[in-house]
Each structure stands twice: as structure tokens, then as C-alpha cells.
Amino acid sequence: MTVSRTVCLGFLAVITVGTLLLMMPFSSSSGTWNDPIVALFTSTSAVCVTGLAVVDTGTDFSFWGQLCILLLAQIGGLGYMTTTTFLIMLVGRKFNLRQKIAIQQTLDRRGMSGSSQVIRSIIATTMIFEITGILLLLPAFVPDFGWGQGLWLAIFHSISAWNNAGFSLFSDSLMGYQSSWLVVFTITMLVIFGGIGYQVILEVYLWFRDRLLRKTTNPIFSLDFKVACSTTLLLLFSGTIAFLIIEIKNPKTFGLLNLPTQFLAAWFQSVTTRTAGFNTIDISQMTTAGLFITIAFMFVGASPSGTGGGIKTTTLRVLTSCTKSILQGKEDVLLYERKIAISLILKAVGVVVASVAVVLFSTILISLTDPTFTFIQLLFEVVSAFATVGLSTGITSSISIPAKLILIVTMYVGRVGVLLLMAAILGDPLPSRIHYPEENLLVG
């Protein structure tokens, strides 16, 4: 039982428990047993922090069903190993060597020391951001729904946004608040910080602490911090401009909005496209160019150790830097005056190739089961599922049962990661003392 198999089976176990709970009559607003496919799809979507839904979360599920979805999304956002390790700490047990190794590999840490402190920091960071989001959303929801329902809406959407889950209790997601600066700012900040990764947040905290203590030492940010932050800012800025240019004349999305609301909608779309799953415009009414740009941003996704999916921002930067080096005739790949190891380049290539293969295979299968939908609709749905985004052109509830099962598998593969899943299936590679001679090959 390797770490990869533990993680993969752990997610399956949580999905199974969630499916059983969502099937129960107390989870349904009608008080009857839920459809097993609906329960399985919703549980997978919640644990994989995707947000795709085949029924209306706010009306088809009772309070207990909504609470179950929220808890599944919280577990999925934190990750299986982080959640189980935190539960071990709560009951007072100590970590063994196997658990420390699992935490090191899951969080991609360089050492095993301080594992308990890392888990406490992750949980504390999560609670701070989610509580802050709740307090900021209260003034927007309480005047419209009262204290009871308004508080629940604030709790649900804050936790859903931080975990990049994309579940909403409103039938139109957040379209009713597309001009609310408070809601848009709060949701987007939760999505950005939730998806950028714990390591980045920790380094920002240490930088602020040193400034408050007036330490004179210059801060040394890690390469992960520099790559994640710069790539995220570039994607957010370029996405906002691209959506604004493409959709500004579309009367069904941005065209009828005033200029400040257009900028607000473009900013929200740029943020939520990268694995969040909320929307303030009707996705099905976007232009074909807008849908293709959305697919590209969804495929990239968030940053490592964050709550989002996709191939990750660091993978994109490694491959673009590799391309730049090749075009310049260089043999080394550099990022911020640091040489990237060949193993990382191979890993980035493997992630992209495997991800493209999963997306193409799933799209082909669903196009065979549901030939009535257009190619762009099916590709959009598959990429949204694989990158754990949750955006949809409105066909999720209309596709056939075989297509729903394909999306369930796609969401699961996207959440655990293609490489981790293959490692769980094939096992750890055995060391080899055989080295083969190099040979030239015509490429390009």
C-alpha cells in the first residue's frame, strides 16, 4: 500500500460514503430516496471540488444534504491525507514514519520534520480565510434573505469558494450579484488564495511579519512563490482583457451591462475560469471564441498545493520556459536565474500529454454516447470535469447516464492527478542498473 494507492483509495472511500449519505431521504428536499446516479455524481463533484451538478443544489437537496455536500467539498479541498492527518492529531495520536512520508509526498515538501506544524498551519489558514469570507458576505446576503438563511448562504459560498468547489445554492450561481463589488471581490479573493497554494500564503505571511517586526534582512522568496504568483497575475490580467474584448459586444453576456459591471464580470470570469466554477454570466450564451478561451484557462488551472485542479501554473511555466530555451538555442531551462532539473521537465511533459489524452478520450466517448450535442459543448464539459472547474454550458443534467459515468471518472482522475493514479496502478518503479546508449532523433 504505497502513498499513491492510499490517496486514491482514500478519495474513493470518501466518495462512497458521500454517495450513501446523499441517497438518504434526509438529504433530499422531497424526503424521498435520491437517485443513485445523482448521489454518486454529486458526491464525486463535491469531493473532487468540481461543482458540476445534475440537479439544483439549492432546491433538490435539504439542509442536511447541502451540509453533506459542503463537508465533502471541504475534505476534497484540504486533501485526503491532510484531513486524515488532522483527525489523527485530534485524537492525540502521534505520526509514524509512514504518515510523515505520506505528508511529505502529498504536500511536496523537502523534508519530513515539522509535519504536525504544517498540518496545523494549513487548517488554521483555511479557517481564517473561510471565516473572513463569511463575515464579508453577510452584508450582501442578510438584507436579502434574513439572518438565518443569509448566514447559511454566506457559510456555504465562502467554504465553496475557498475550496474552489463552485457549488452554489442559487439556481443561476452568482448571476444575481454580478454588479455587487462586495460579493465579486470576496468570492474572487477566496478563489485566488485558495488556488494559489499554502506555500505562497505562508511566504506572504512571513514577509508581512518581518515588516511588522522591522527586520532589515531582505526576504528570499522561493522559486515556487515567484512562478506561482507571476503566472497567476499574468493569467488573471490577460484573461480579464481577453474576455472583455471578446464578449463586450455580445448582448447576451457583457453587451447590455454598463462599463464598470463589464470590467467586474470580465474579472470574475477570468478568476473563476481557473477551477472555481462560479459564474456571473450565462456561460451557454458566450461566443465560440469566449468558450475556447475558457477551455484553455480551465485546462491550465490553479497552482500546486492549492485547492484547484488543472495542469497547474508551474507546469505551464516550465514548458513555456523550455520552449523559449529551445528557440534561443540554449541547452538549459532557466527560471528566475535557476536551472530547472530534467526530471521536472519530464514530469511537466508527462502531465500535459497524459492530461490531453484523458480529455480527448473522454470527449470521444461522450460524443459516441450523446451525439446530439455539439463538439464545443462536449469538450467544454470534459475539460471542466477534468480540471475540476464546474463551469457548464447547461448540458450536465441532460446528458445520458453513460456520459455522466464518464464525467465521474474524469473528475476523479483530474482530482487525484494522472501521474498519481498511474503510480497507484503500476506501483513504484524499480531501480535499474542498466544504462542505454544515447542516439540522435529528428524532431520538429
Side-chain angles (χ1 to χ4, degrees), residues 38 41-42 45 50-60 157 160 164-179 183-184 187-188 191 239-240 242-257 261-262 264-299 309-310 359 362-363 366-367 369-401 403-404 406-407 410-411:
V38 172
F41 192 98
T42 306
S45 183
T50 304
L52 286 175
V54 291
V55 294
D56 190 341
T57 307
T59 57
D60 288 75
H157 288 87
S160 181
N164 280 223
F167 279 95
S168 176
L169 297 182
F170 301 113
S171 300
D172 58 354
S173 190
L174 296 175
M175 290 178 61
Y177 293 90
Q178 66 177 186
S179 61
V183 173
V184 170
I187 295 296
T188 52
V191 169
T240 302
F243 285 119
L244 190 63
I245 294 174
I246 292 174
E247 297 292 332
I248 195 168
K249 292 185 178 181
N250 185 356
K252 297 179 180 180
T253 54
F254 290 6
L256 301 180
L257 305 177
T261 307
Q262 287 177 341
L264 207 59
W267 162 254
F268 191 91
Q269 188 68 17
S270 178
V271 174
T272 192
T273 295
R274 294 179 43 249
T275 82
F278 297 103
N279 60 282
T280 57
I281 60 173
D282 190 348
I283 301 297
S284 63
Q285 300 300 324
M286 293 180 68
T287 61
T288 303
L291 291 176
F292 266 109
I293 290 179
T294 303
I295 290 173
F297 277 94
M298 288 193 301
F299 189 72
V359 169
S362 299
T363 304
I366 297 181
S367 65
T369 61
D370 295 69
T372 57
F373 296 108
T374 63
F375 170 75
I376 187 67
Q377 287 178 316
L378 297 180
L379 179 63
F380 192 98
E381 203 79 9
V382 169
V383 174
S384 179
F386 176 78
T388 69
V389 179
L391 293 177
S392 174
T393 56
I395 68 172
T396 310
S397 59
S398 304
I399 58 178
S400 63
I401 292 180
K404 289 185 176 73
I406 294 171
L407 286 183
T410 305
M411 287 189 289

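Being a predicted model, the structure only gives us computed values, none of them experimental.
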| If you look at every heavy atom in Ser362 and Thr410, which pair is closest and at what distance? | OG-OG1, 3.0 Å
| field | Check: Leu169 and Thr57 side chains under 4.5 Å, non-hydrogen atoms | value | yes
| field | Backbone of Gly166 reached by a side-chain donor or acceptor of Ser160 within 3.5 Å | value | yes
| said: Could you report the tightest heavy-atom contact between Thr275 and Gly309, atom names first, then the distance? | reply: CG2-N, 3.3 Å
| task | Verify, without hydrogens or angle tests, whether Gln178 (side chain) and Ala265 (backbone) share a donor-acceptor contact under 3.5 angstrom. | result | no
| request: Kindly compute the distance separating CE (Met298) from CD1 (Ile293), expressed to the nearest 0.5 Å. | output: 12.0 Å
| Sole residue of Leu52, Thr363, Ile366, Asp370 in side chain to side chain contact (heavy atoms under 4.5 Å, CB included) with Glu381 | Leu52
| said: Using only atom types and a distance under 3.5 Å, with no angle test, would you say the side chain of Asn279 pairs donor to acceptor with the backbone of Ser173? | reply: no
| query | Mind checking whether Phe243 and Met286 have side chains closer than 4.5 Å, heavy atoms only? | reply | yes
| query | After noting the C-alpha distance and the side-chain angles of Ile187 and Tyr177, does the key distance pass the side chain to side chain contact (heavy atoms under 4.5 Å, CB included) rule? | reply | CA-CA 11 Å; Ile187 295 296; Tyr177 293 90; over 6 Å; no
| Going through the checks in order, is the side chain to side chain contact (heavy atoms under 4.5 Å, CB included) test met by Ile376 and Ile295? | CA-CA 9 Å; Ile376 187 67; Ile295 290 173; 3.8 Å; yes
| query | Any side-chain heavy atom of Ile248 within less than 4.5 Å of one from Gln262? | reply | yes
| CG-CG distance between Leu407 and Leu378, expressed to the nearest 0.5 angstrom | 9.0 Å
| task | Give a yes or no on whether the backbone of Thr253 and the side-chain of Gln285 come within a donor-acceptor separation of less than 3.5 Å. | result | no
| request: Would you check, one step at a time, whether the test side chain to side chain contact (heavy atoms under 4.5 Å, CB included) holds for Phe268 with Ile281? | output: CA-CA 9 Å; Phe268 191 91; Ile281 60 173; over 6 Å; no
| 4.5 Å side-chain heavy-atom contact, Ile246 and Thr287 | yes
| Close side-chain approach of Leu174 and His157, heavy atoms under 4.5 Å | yes
| task | Over all heavy atoms of both residues, which pair between Ser45 and Gly51 is shortest? Give the atoms and the distance, please. | result | OG-N, 2.9 Å
| In Å, rounded to the nearest 0.5 Å, how long is the span from OG of Ser367 to CZ of Phe375? | 8.5 Å
| field | Closest non-hydrogen atom pair between Ala403 and Thr369, with its separation | value | CB-OG1, 3.8 Å
| query | Any side-chain heavy-atom pair from Thr272 and Thr188 closer than 4.5 angstrom? | reply | no
| Thr261 backbone acceptor or donor facing Ser179 side chain under 3.5 Å | no
| query | Can you find a pair of side-chain heavy atoms, one from Glu247 and one from Gln269, that are under 4.5 Å apart? | reply | no
| Within the distance-only criterion (no hydrogens, no angle test), does the side chain of Ser384 pair as donor or acceptor with the backbone N or O of Phe380 below 3.5 angstrom? | no
| task | Applying side-chain contact (heavy atoms from CB on, under 4.5 Å), name anything that partners Val55, two or more places apart in sequence or on another chain. | result | Val38, Asp60, Phe61
| remark: Output for pair (Asn250 CG, Leu257 CG), nearest 0.5 Å, gives 10.0 Å
| query | Step by step, would you call Met175 with Asp282 a side chain to side chain contact (heavy atoms under 4.5 Å, CB included)? | reply | CA-CA 8 Å; Met175 290 178 61; Asp282 190 348; 4.2 Å; yes
| In Å and rounded to the nearest 0.5 Å, what is the OG1 to CG distance from Thr50 to Leu391? | 11.0 Å
| request: Check each of Thr294, Val389, Ile283 against Thr273 using the side chain to side chain contact (heavy atoms under 4.5 Å, CB included) test, and report the only one that passes. | output: Thr294
| Any Val359 side-chain heavy atom under 4.5 Å of Leu379 side chain | yes
